[in-house]
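What follows is a short report on a single structure.
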Amino acid sequence: MAADTRLPSASSHDDGLEARLASVRQSIADAARAAGRSADELTLIVVTKYHPASLVRDLAALGVTDVGENRHQEAQAKAAELSDLDLTWHFIGQLQSKKARQVRRYAHVVQSLDRDSVVDAFAPTEAEPEPLVVDGFVQVNLTDDPGRGGVQPDAVEAMVERVLGTGTIRLRGVMAVAPLDEEPRRAFARLREVSARVAAIAPDATDISAGMSNDHAEAIAEGATHLRIGTAITGKRPTAP
Ligand SMILES: *Cc1c(COP(=O)(O)O)cnc(C)c1O
């Protein structure tokens with residue numbers, strides 16, 4: 001597939017968008033069939049980070065219901081601009097505890113719970129005894145590099161207990177990014193094992209958010225329920241604004 005090097009602009013409609021979305025949906029359906037699964041079990045989250053709000057609007061017009069963003073200020077501005085649309089916003093980036101309470105105002109799902117301080121920021125306080133409830137995923141680090149974000153697999157149970165303890169996060173499951181230097185399917189198989197351990201202590205938390213543009217078929221083969229796909233649908237991302 002040729003890379004799309006055009007910069008998206010707020011005004012020009014990208015004619016390739018619909019075709020790329022259709023092609024990814026087809027690829028998801030094919031991978032589901034190959035894995036003996038129903039595509040109805042899979043939620044496609046289109047990752048729109050760095051792209052203008054107009055692209056998100058175009059995606060919504062094409063039937064996209066779920067979008068993913070990884071930077072708080074950008075996500076907050078887009079969600080405000082698009083508040084007339086019925087979208088589910090997923091926050092998928094590294095979160096600072098000071099920002100966590102603000103993210104909750106527009107994000108329906110926080111997929112990057114990976115530190116005690118971030119999880120604790122969602123808990124009730126004296127000033128706010130009944131805070132908003134969000135859906136959450138514990139992010140799992142599938143590499144040995146602590147800088148990559150996510151909880152090490154052997155620390156996931158403790159993090160799950162902490163999330164459940166807040167009373168304000170509905171735990172949905174686990175989220176991960178495949179390592180760069182490993183066959184993605186092997187890494188996603190480990191995530192699936194972690195997911196089974198989580199479900200043993202939190203029976204409703206069976207979702208698995210895994211799979212991006214280049215590895216969604218492998219993720220589907222290993223039980224992913226939520227796919228976070230950016231460039232294969234949006235085209236090349238502009239550089240960070
Ligand atoms: C950017 C991003 C994606 C999407 O990546 P693509 O390769 O563009 O599909 C998925 N998940 C996370 C956490 C991301 O930051």
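Read the numbers this way: they start at 1 and go in the same order the structure lists the ligands and their atoms. Residue numbers start at 1 and run along the sequence shown.
- Each of the following atoms of ligand 1 lies closer than 4.0 Å to a heavy atom of I229: 9 (O).
- Across every non-hydrogen atom of D135 and I169, the tightest pair is C-CG2, 4.3 Å.
- Centroid-to-centroid, the aromatic rings of F137 and H90 stay 6.0 Å apart or farther.
- Residue Q111 does not touch ligand 1, judged by heavy-atom distances below 4.0 Å.
- Residue contact check: I92 has heavy atoms under 4.0 Å from atoms 11 (N), 12 (C), 13 (C), 14 (C) of ligand 1.
- Annotation: N214, atom CG; neighbour count of heavy atoms from other residues, nucleotides and ligands within 6.0 Å does not exceed 12.
- Here the heavy atom of the protein found nearest to atom 1 (C) of ligand 1 is K49 NZ, 1.5 Å.
- Clustering ILVMFWY residues whenever any of their side-chain heavy atoms sit less than 4.5 angstrom apart, transitively, puts I233 in the very cluster that holds V56.
- Closest to atom 3 (C) of ligand 1 among all protein heavy atoms lies M212 SD, 3.7 Å.
- Near T231, meaning under 4.0 Å from one of its heavy atoms, ligand 1 places the atoms 6 (P), 7 (O), 8 (O), 9 (O).
- Protein heavy atom closest to atom 6 (P) of ligand 1, with residue, atom name and distance, is S213 OG, 3.5 Å.
- Listed by chain and residue number, A178, P184, F188, M212, E218 satisfy the side chain to side chain contact (heavy atoms under 4.5 Å, CB included) test with D215 (two or more places apart in sequence, or in another chain).
- Ranking protein heavy atoms by distance to atom 11 (N) of ligand 1, first place goes to R228 NE, 2.9 Å.
- If you check the side chains of N141 and T143, you find a donor sitting under 3.5 Å from an acceptor.
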